[in-house]
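Since the structure comes first, as structure tokens, the remarks are kept for the end.
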Amino acid sequence: MVPKIPTVLLNNGLKMPAIGLGTSMSKGNDCFEAVKAAIDVGYRHLDTAYYYRNEAAVGQAIRAKIDEGVVKREDLFVVTKLWNSYHHPDHVGPACDKSLENLGLDYIDLYLIHMPFGYKFIGWDGDKLMPFDADGKVQYSDDDFIDTWKAMEKLVEAGKVRSIGVSNFNSEQIERILAICSIKPVTNQVECSPKINQKKFIDFCKSNDIVLTAHSPLGRPHLYEKEPEKKPKPVLNEPAVVAMAQKYGVTPTQIVLRYLVEIGAVPVPKSSNVDHLKQNLDIFGFQLSEEDRLVMDSFNSNVRMLSFNKLKDHKYYPFHLEF
């Protein structure tokens, strides 16, 4: 029997599972098998993106499990994202259609603007997503994400998408959308882990009836291993976290994910290991003490693993602000 996962209520009345499966960096058959395994153990919230180049594998896994009778389409909450090169309003609809075609689905549960900054449009070749100039610099577009958002709203009206939101936006950028929208963002997906716990941003989002989704919830240990002198050290091996895991009879990963849920985030951790997939879901049977939450709070450094430093000159670069 698969565990029953709690849901969070979105501002449009729909519900999103309180934890999901992230799929960035997962490709081909590995992604296909990971998503199938995730559905088997109880995941119903699946997060992908056009940029990940794995929508087709995610969709194949979904359809396989529907055909097997493991799930129905309405049991699943499928998230994908509009890529930066498709911010022009004329490109938003076709980009969504390509994602629907890749996924092999009739609708997307949640469609996000992947980032606030737009790139130059260079066509629909899914293998060529970065419009570099001769010097290796990303070429930007002049598209305003406000116009992009208005085109996103049309996708809801057309029934292609049930909910829309944003990713990697800051608070001022969200306020710009809220000032003009007829459909509010239901979520903002941002980097959120004990090292950058986003508590101020979570409060801001709550005040506007927006859910904060946590990508990179475990702190991207693989990036730290590559550049330990440049990246914040993930907390999984911190003695206090290891001791906490022993105290509750769980793993350090479960401590981290439980902490994020308790402060109001919806984590989307990545894994292809079946045991880890099960453990990541099994975080709703215990609760951290107030003292332990304070210990977890103490790890916050507000330093990002993903800062997009090479894009700092873009007019919509989001990380000049604290949140």
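Keep in mind the model is a prediction, meaning the values are calculated, not measured. Below, each value reflects all heavy atoms present in this structure, side chains not excepted, and no hydrogens, waters or symmetry copies.
Listed for the R293 side chain is a donor-acceptor partner under 3.5 Å among the backbone atoms of L288. H87 places no side-chain N or O within donor-acceptor distance of the main-chain N or O of I113, the cut-off being under 3.5 Å. A donor-acceptor pair is defined here as one N or O able to donate and one able to accept, closer than 3.5 Å; such a pair exists between the side chain of Q173 and the backbone of N170. H114 contributes no side-chain N or O that, together with a main-chain N or O of L82, makes up a donor-acceptor pair within less than 3.5 Å. Although no hydrogens or angles enter the test, the distance criterion places a donor-acceptor pair under 3.5 Å between the side chain of T187 and the main chain of V211. Between the side chain of E191 and the backbone N or O of H215, no donor-acceptor pair lies under 3.5 Å. At least one donor-acceptor pair under 3.5 Å links the side chain of D75 to the backbone N or O of K72. With hydrogens and angles ignored, the 3.5 Å screen pairs a side-chain donor or acceptor of T251 with a backbone N or O of Q254. No side-chain donor-acceptor contact under 3.5 Å links W149 to the backbone of L178. At distances below 3.5 Å, not a single donor-acceptor pair connects side-chain atoms of N197 with backbone N or O atoms of N300.
Between L21 atom CG and L277 atom CG the span is 6.5 Å, to the nearest 0.5 Å. Between the CD1 atom of I19 and the NE2 atom of H45 there is a distance of 9.5 Å, given to the nearest 0.5 Å. With rounding to the nearest 0.5 Å, the separation of CE in M152 from SG in C181 is 12.0 Å. Rounding to the nearest 0.5 Å places CD1 of I164 at 12.0 Å from CG of L10.
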Begin with the C-alpha distance, continue with both residues' side-chain angles, and end with the deciding distance and a verdict on salt bridge (Lys or Arg N to Asp or Glu O under 4.0 Å) for K137 and D313.
-> CA-CA 11 Å; K137 175 87 169 63; D313 60 337; 3.3 Å; yes
Please step through salt bridge (Lys or Arg N to Asp or Glu O under 4.0 Å) for the pair D144 and R176, ending with a clear verdict.
-> CA-CA 11 Å; D144 190 329; R176 281 194 71 210; 2.9 Å; yes
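Taking each heavy atom of R258 and F284 in turn, the nearest pair found is NH1-CA, 3.7 Å.
Classification of K65 and E68 as a salt-bridged pair holds, one side-chain N sitting under 4.0 Å from a carboxylate O. Taking a cutoff of 4.0 Å between a charged side-chain nitrogen and a carboxylate oxygen, K150 and E153 do not qualify as a salt bridge.
Other residues, nucleotides and ligands place more than 12 heavy atoms under 6.0 Å from the NZ atom of K184.
Residues F121 and H91 bring their aromatic ring centres within 6.0 Å.
When S24, P234, S193 are each tested for a side chain to side chain contact (heavy atoms under 4.5 Å, CB included) with R220, only one passes: S24. Considering R73, K15, R44 as possible partners of D109, the one that fulfils the salt bridge (Lys or Arg N to Asp or Glu O under 4.0 Å) test is R73. A ring pair (Phe, Tyr, Trp, His ring centres under 6.0 Å) with Y86 is found for exactly one of W124, Y119, F145, Y51, namely W124. Among the candidates V256, V241, I196, the single residue satisfying the side chain to side chain contact (heavy atoms under 4.5 Å, CB included) test with F299 is V241.
Transitive grouping of hydrophobic side chains (ILVMFWY, heavy atoms separated by less than 4.5 Å) keeps L294 and M244 in distinct clusters. V41 and L76 end up in the same hydrophobic cluster when Ile, Leu, Val, Met, Phe, Trp and Tyr side chains are linked at under 4.5 Å.
Between D97 and E101 there is no side-chain heavy-atom pair separated by less than 4.5 Å. The side-chain heavy atoms of I146 and I177, taken from C-beta on, include a pair separated by under 4.5 Å.
Not counting sequence neighbours, the partners of E55 by the side-chain hydrogen bond (donor to acceptor under 3.5 Å, both in side chains) test are T80, S99, N102.
Between Y317 and F319, the ring planes are perpendicular. Angles over 60° get that label, and only those under 30° would be called parallel.
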